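Step one of this worksheet: look at the structure below.
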Amino acid sequence: MERAQAAQVMAELAKLYPEARPELNFRNPFETLIATILSAQCTDRRVNQVTARLFPLYPDAKAMAQLTPEELEPLIRECGLYHNKAKNIVAACRALVERYDGEVPDNRAELMALPGVGQKTAGVVLMAAFGDPQIPVDTHVFRVSRRIGLADADTPEKVEVQLRALLERDIWIFGHHLLIWHGRRVCHAQRPDCKNCPLNAALCGHCVDK
C-alpha cells in the first residue's frame, strides 16, 4: 500500500473511532508497565478488574518487589498465565529497585532488559507513559494491519518496521489505538464483520478474510 492510501485508511478509521484511546487503566509509568505485562493473552477489562485491587495494595515497584511470585500469583490469577506473569513482575520490580531506585526507565533498551518486557510491552510503556511516538504491534494491530494491506510481514517485529515506514510519525500513537479498536469491534480474529467495515473494498480492498 502507498503512503497516500495508508493515510486514507487511517483517516477512515479516525472517523469511525474518534475517541480511540488506551482501554487499560493506569496513572503512572509503574502502573502502565504492570498492566501491560498482565494484558498478555488477557482482556483489558479483566486486567482493569485485577489492577483495581492490586495497585492500592502495592502502589509502586518498591512495594511489589517485597512479594514473592507465590504471593503475587493469587492476586493476578484471573489474568491467566499467572505463574510466568508473577515471576516476571516480581523480578522486574526488583530490577527497578536495584537499578533505578524504583522508577521505570524511559528508553527501550533499559525497558527490554527488564524480565517479561519485550518489544511490544516496551513500546506500549514508552507510548502510554512517556508520550514517545511508538506503534507497538499486539495481536490486534498485527492481524488488522495485515488484513487491510498496511503490512505483510510475518512477525510483529517486522510489521512494526513496516508500519513505521508507511505511516506518518504523528499518527503512530493514535494509529496504534485505531487499529486495536477496529480489531476489537469489527475486524475480529474469527468471523470479521466485513459487511460493516468502512474499509472493505471501498478503500483498502486488501482484506483476506471475508
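None of these values were measured; they are calculated from a predicted model.
Of the possible donor and acceptor atoms, none in the side chain of Lys120 sits under 3.5 Å from a partner among the backbone N and O of Pro136. Counting only distance, with no hydrogens or angles, the side chain of Arg143 and the backbone of Cys187 share a donor-acceptor pair below 3.5 Å. Glu78 places no side-chain N or O within 3.5 Å of a backbone atom of Val50 that could act as its donor or acceptor partner. With Glu31 contributing its side chain and Arg27 its backbone, the two residues share a donor-acceptor pair below 3.5 Å. For Glu73 (side chain) and Glu70 (main-chain N/O), no donor-acceptor pair under 3.5 Å exists by modelled atom type.
Note that CH2 of Trp172 is 9.5 Å distant from CG of Leu163, once rounded to the nearest 0.5 Å. Rounded to the nearest 0.5 angstrom, Arg147 CZ and Cys197 SG are separated by 10.0 Å. Taking OH of Tyr82 as the reference point, atom CD1 of Ile76 lies at 9.5 Å (rounded to 0.5 Å). With values rounded to the nearest 0.5 angstrom, Asn25 atom CG is found 12.0 Å from Arg45 atom CZ. Annotation: the span from Phe55 atom CZ to Phe26 atom CZ amounts to 10.0 Å, rounded to 0.5 Å. Taking CG from Leu54 and CG from Leu75, the interatomic distance works out to 6.0 Å, rounded to the nearest 0.5 Å.
Across Ile148 and Leu179, no two heavy atoms sit closer than the pair CD1-CD2, 4.2 Å. Contact record, Ser39 with Thr36: OG-O, 2.7 Å, taken as the closest heavy-atom pair. The minimum heavy-atom distance linking Pro105 with Glu110 is given by the pair CB-OE1, 3.4 Å. A pairwise comparison of heavy atoms in Ala6 and Leu167 identifies CB-CD2, 4.0 Å as the closest pair. Across Arg94 and Leu67, no two heavy atoms sit closer than the pair NH2-O, 2.8 Å. When all heavy atoms are compared, the tightest approach of Pro29 to Ala129 is CA-CB, 3.7 Å.
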Check step by step if salt bridge (Lys or Arg N to Asp or Glu O under 4.0 Å) holds for Asp132 and Arg108. CA-CA 10 Å; Asp132 188 5; Arg108 182 178 293 275; over 6 Å; no
Given Asp193 and Lys195, is the side chain to side chain contact (heavy atoms under 4.5 Å, CB included) satisfied, shown in steps? CA-CA 6 Å; Asp193 189 11; Lys195 68 178 182 179; 3.5 Å; yes
CA sep, side-chain torsions, deciding dist, call: Leu166, Arg3, side chain to side chain contact (heavy atoms under 4.5 Å, CB included): CA-CA 6 Å; Leu166 183 65; Arg3 289 175 68 90; 4.1 Å; yes
Chi angles and distances behind the side chain to side chain contact (heavy atoms under 4.5 Å, CB included) call for Ile89, Ile34: CA-CA 7 Å; Ile89 287 172; Ile34 302 305; 3.8 Å; yes
Between Arg164 and Glu160, does the side chain to side chain contact (heavy atoms under 4.5 Å, CB included) criterion hold? Intermediate values first, please. CA-CA 6 Å; Arg164 284 170 171 266; Glu160 182 173 339; 3.2 Å; yes
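With respect to Arg184 and Asp44, a salt bridge is recorded, a charged nitrogen being found less than 4.0 Å from a carboxylate O. Looking at Asp154 and Arg146, no side-chain N of the basic residue comes within less than 4.0 Å of a carboxylate O on the acidic one, giving no salt bridge.
Side-chain contact between Phe30 and Cys93: present, with at least one pair of heavy atoms (C-beta onward) separated by less than 4.5 Å. Counting only heavy atoms from C-beta outward, the side chains of Lys62 and Asp101 approach each other to under 4.5 Å. In this structure, the side chains of Leu57 and Met64 stay at 4.5 Å or more apart for every pair of heavy atoms. Between Leu199 and Val9 the shortest side-chain heavy-atom distance falls below 4.5 Å. Looking only at side-chain heavy atoms (C-beta outward), Thr121 and Leu114 stay at 4.5 Å or farther from each other. Within the 4.5 Å cutoff, the side chain of Thr68 has no heavy atoms near those of the Leu72 side chain. With contacts defined as side-chain heavy-atom distances shorter than 4.5 Å, the pair Met112/Gln119 qualifies. Residues Cys79 and Lys85 form a side-chain contact, since some pair of their non-hydrogen atoms from C-beta on lies under 4.5 Å apart.
In terms of hydrophobic clustering, with Ile, Leu, Val, Met, Phe, Trp and Tyr side chains grouped at heavy-atom distances under 4.5 Å, Val104 and Leu38 are assigned to a common cluster. Transitive grouping of hydrophobic side chains (ILVMFWY, heavy atoms separated by less than 4.5 Å) brings Val117 and Val47 into a common cluster. Under a hydrophobic-cluster definition in which Ile, Leu, Val, Met, Phe, Trp and Tyr are linked whenever side-chain heavy atoms come within less than 4.5 Å, directly or via other members, Val124 and Leu24 are assigned to different clusters. Follow the hydrophobic side-chain contacts under 4.5 Å out from Val125 and you reach Val90 in the same cluster. Residues Val144 and Ile173 fall into different hydrophobic clusters, defined by Ile, Leu, Val, Met, Phe, Trp and Tyr side chains chained together at heavy-atom separations under 4.5 Å.
When each of Asp152, Leu150, Val137 is tested with Val159 by the rule side chain to side chain contact (heavy atoms under 4.5 Å, CB included), just one qualifies, namely Val137.
Listed by chain and number, the residues in a side-chain hydrogen bond (donor to acceptor under 3.5 Å, both in side chains) with Tyr58 amount to none (sequence neighbours excluded). Take Ala20 and apply the side chain to side chain contact (heavy atoms under 4.5 Å, CB included) test, not counting sequence neighbours, and it matches Tyr17, Phe174, His177, Leu178, Trp181.
The number of heavy atoms from other shown groups lying within 6.0 Å of CD (Glu157) is above 12. The 12-atom threshold is exceeded at CD of Glu19, counting heavy atoms of other residues, nucleotides or ligands nearer than 6.0 Å.
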